[in-house]
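Throughout, a chain's letter reflects where its sequence line sits, starting with A, and its residues are numbered from 1. The figures here come from the full heavy-atom set of this structure, side chains too, leaving out hydrogens, waters and symmetry mates.
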There are 2 protein chains.
Amino acid sequence: MRKTSIKDIALKANVSIATVSYVLNGTRNVRPETHKRVTEAIEELNYKPNDIAKSLKRNRTNTIGVIAEDVTVFNAPDIIDGINDFGDRHDLHILLVNLRLDKRIGRNFGDTEAYRKYAANAVSELLSKQVDGIIYIGVHTRDLTGLIDAEGIPIVYTYGYTQNDISIQYNDEQASYEAMSYLVRKGHSRIAIISGLMDSIPSRQRLKGYYKAVTDFELPFDPLLIKMGDWERESGYRLTAELLALPEPPTAILSMNDVMVVGVLQAADECGVSIPGELSVIGFDDREFSDYLRPRITTMGLPLHEMGYQAIEALYHLINGNKVQTLVMPECRLIERDSVGVAQ
Amino acid sequence: MRKTSIKDIALKANVSIATVSYVLNGTRNVRPETHKRVTEAIEELNYKPNDIAKSLKRNRTNTIGVIAEDVTVFNAPDIIDGINDFGDRHDLHILLVNLRLDKRIGRNFGDTEAYRKYAANAVSELLSKQVDGIIYIGVHTRDLTGLIDAEGIPIVYTYGYTQNDISIQYNDEQASYEAMSYLVRKGHSRIAIISGLMDSIPSRQRLKGYYKAVTDFELPFDPLLIKMGDWERESGYRLTAELLALPEPPTAILSMNDVMVVGVLQAADECGVSIPGELSVIGFDDREFSDYLRPRITTMGLPLHEMGYQAIEALYHLINGNKVQTLVMPECRLIERDSVGVAQ
DNA sequence: ATTAGCCGTTTAAACGTTTAGATTTTGAAG
DNA sequence: CTTCAAAATCTAAACGTTTAAACGGCTAAT
């Protein structure tokens, strides 16, 4: 049996389908008496509107496409949660496309052919589905100019940006500067930094923040304190060992993510230096496990939920034809735990 | 300017719209010469099909609704990833509804009014969007009978089940039994267990597996070794302290999740008992951090990706009118790391 | 030369809505 | 009892597809 449609309601309530539509949407006045007849019919026939038909006519789906480079990467779920938060309040639905790049290409995928193909496919699917706009969730911040042709529908980027579109990013430079300030306030001056991969934009920005802090706070500058990691635990381990072997080792380390801090902890332990007693460390990301390690690690938390929220909010305005600022920057926040002590 | 439609193609290629549809779908033979004219027109006009219109006519959206109780809970992303894996291969799209229960109600939400309301809303949205089927991703395994009325479209559950529908669950009893066997093989016989909340089904199942192992392997049975935790770290800590204070403490602990293992580690450390030297521990879940703790913890990994994959596969068959087995059980897998030693 | 059958193509209706614009109803004013 | 404007309702087209059924032309068999 066919599902009940507006037509069945019209028949039962003895009105035209137009009238039914009017009571459904409140787009025109209808006499209370008629209104009642219609709502009763709706009730009795257990009518459920068909958004597909509505979308076809209205040329608007109230659905946005979310392209995630990989939903299993730690930042994605909270961003999606933020998108949902706003979406719920504004009747916006989410069509999720998961590129699965981490599995299909590997963690540090570059701008490969395969990657472009996946992205293009995703967009074309979403376009066919007539989404009103697109949010792109990357795993690393990168310049994605030219990657996606959204054919006129608005798009906003998160972990990624483009020369012409909106993007939501936290301020890496400032976050790293703030982490440094915190260490300085705790009395540290010989502070090392372990970066992520240097072709990554956050790495460069955070390094900039480091330099700025060194300058502003007049810290002793020593190139030996600047170590290039690769985001992985092992590099945190290896580089910390090197740092601790220095004639004059640092009293604090700023690591560009929490995963590398795991390596820092291990190296320190093996070298017999205590954290936070003899060595302090700050991470980035506020991963769940940073509260589980011992010592519990102090870290810069990322405004992931807010990024998602702001992304869809911007998109919403774009969809409704309003102007929106090109770059939105929610703030990172230092989560104080136990891995930073005062320098002697 | 309106987007180009099948009608424009027809005009340009000098054929009827039906013919265009036929070449688009390959549903009927068309002369090569005509075919060429049409595809050329498609190319030139940069035609993109409108799936909304197609869905309306076909009464099929090729879209499934995924209701997640909370996407930020650790099990959700991998399940979604599995859903995507199959979805990509079979041209199934995903409309994601995130109930955000963890934020809105709290971690151990029961069967509250608010919860039922969110669920009902989600289903009704999805129904309006005319999804072909629904996958429900819970955070705990529970009986959800009567919660959702999917009005005739198929639904399959993951972390949750119903008396009438399909559900995908791993075998908790067997997983716990296997963990026990492993410990026994390592020479342990005095084995304690720290459960999750006892109103949770996995807790009860796993306890069953524990009992079975105790019986099968003829281990000394001691009620003092059975501790009721609440999934949280603190309970792991507290209960381990109690266990270690026993006149005859266990040589191994089976913890029903990795988070409580964090507490186990801490308690052991504070009591000066070494892991895995004097005490062994196995967790559940294979959380990312279980590889970051020291010792790296041995744990039962959950087949999350596979659950998602099987869920959508079952749904796919259901949508196409095929029968499908009611309960699918992908297997858990022991991840051997460093927290289990041989008993002396 | 007629006819049957097949192939390729077209016609037209349908899917469930929205929404201009036309039409009818209502009720107040004359 | 008319008249008229305002309010309520209806008619019908449209959104972009799919698809059953009809159609026309061709080939091959009679």
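- With dT9(D), dG16(D), dT10(C) as the candidates, the nucleotide lying closest to the side chain of A53(B) is dG16(D).
- Side-chain atoms of R28(A) come within donor-acceptor range of the base of dG21(C), with a qualifying N/O pair under 3.5 Å.
- The pair R89(A)-D85(A) counts as a salt bridge, with a side-chain nitrogen and a carboxylate oxygen less than 4.0 angstrom apart.
- Along DNA chain D, the nucleotide closest to L56(B) and the one closest to V15(A) are compared, and the more 5′ of them pairs with V15(A).
- Comment: K117(A) does not engage E113(A) in a salt bridge, judged by the lack of any side-chain N to carboxylate O separation of less than 4.0 angstrom.
- We find that E125(B) and K129(B) are not joined by a salt bridge, their nearest charged nitrogen and carboxylate oxygen being 4.0 Å or further apart.
- In this structure, R58(A) atom CZ and dA20(C) atom C1' are separated by 15 Å, rounded to whole Å.
- Put simply, CZ on R60(B) is 16 Å from C1' on dT17(D), counting in whole angstrom units.
- Comparing dT18(D), dT9(C), dT17(C) by their closest approach to the side chain of I17(A) singles out dT17(C).
- Taking atom CG of N59(A) as the reference point, atom C1' of dT17(C) lies 13 Å away to the nearest angstrom.
- Aromatic ring pairs are classed by plane angle as parallel below 30°, tilted from 30° to 60° and perpendicular above 60°; the pair Y170(A) and Y159(A) is perpendicular.
- Among the heavy atoms of the strands lying under 4.0 Å from S5(A) are primed sugar atoms or P, OP1, OP2 only; no base atom is included.
- Backbone-only contact: N25(A) has heavy atoms under 4.0 Å from sugar-phosphate atoms and none from a base.
- Rounded to whole angstrom, the span from the CD1 atom of I42(A) across to the P atom of dG16(C) amounts to 16 Å.
- In the set dA14(D), dT10(C), dT9(C), the nucleotide with an atom closest to the side chain of V30(B) is dT9(C).
- Of the residues near DNA chain D, S21(B) and N29(A), the one whose nearest nucleotide (by heavy atom distance) lies more toward the 5' end is N29(A).
- The separation between L24(A) atom CG and dG16(C) atom C1' is 11 Å, rounded to whole Å.
- Remark: side-chain polar atoms of T61(A) are paired, donor with acceptor, to backbone N or O of Q130(A) under 3.5 angstrom.
- Listed nucleotides: dT17(C), dT18(D), dT17(D). Nearest to the side chain of N50(A): dT17(C).
- On a pure distance criterion of 3.5 Å, a polar donor-acceptor pair joins the side chain of Y22(A) and the base of dA20(C).
- Considering only the side chain of S16(B), dT10(C) comes nearest among dT19(D), dC15(D), dT10(C).
- Looking at R31(A), its side chain has no donor and acceptor atom pair within 3.5 Å of the base of dT26(C).
- Look at NZ on K57(B): it is 16 Å from C1' on dA14(D), rounded to the nearest Å.
- A cation-pi contact links R104(A) to Y118(A), judged by a cut-off of 6.0 Å to the six-membered ring centre and 45° from its axis.
- Within the nucleic acid shown, T34(B) comes within 4.0 Å of sugar-phosphate atoms alone, with no base atom in reach, counting heavy atoms only.
- As rounded to whole Å, 12 Å separates atom P of dT10(C) from atom CG of L11(B).
- In this entry the distance linking CG of N62(A) with C1' of dT18(C) reads 14 Å, nearest Å.
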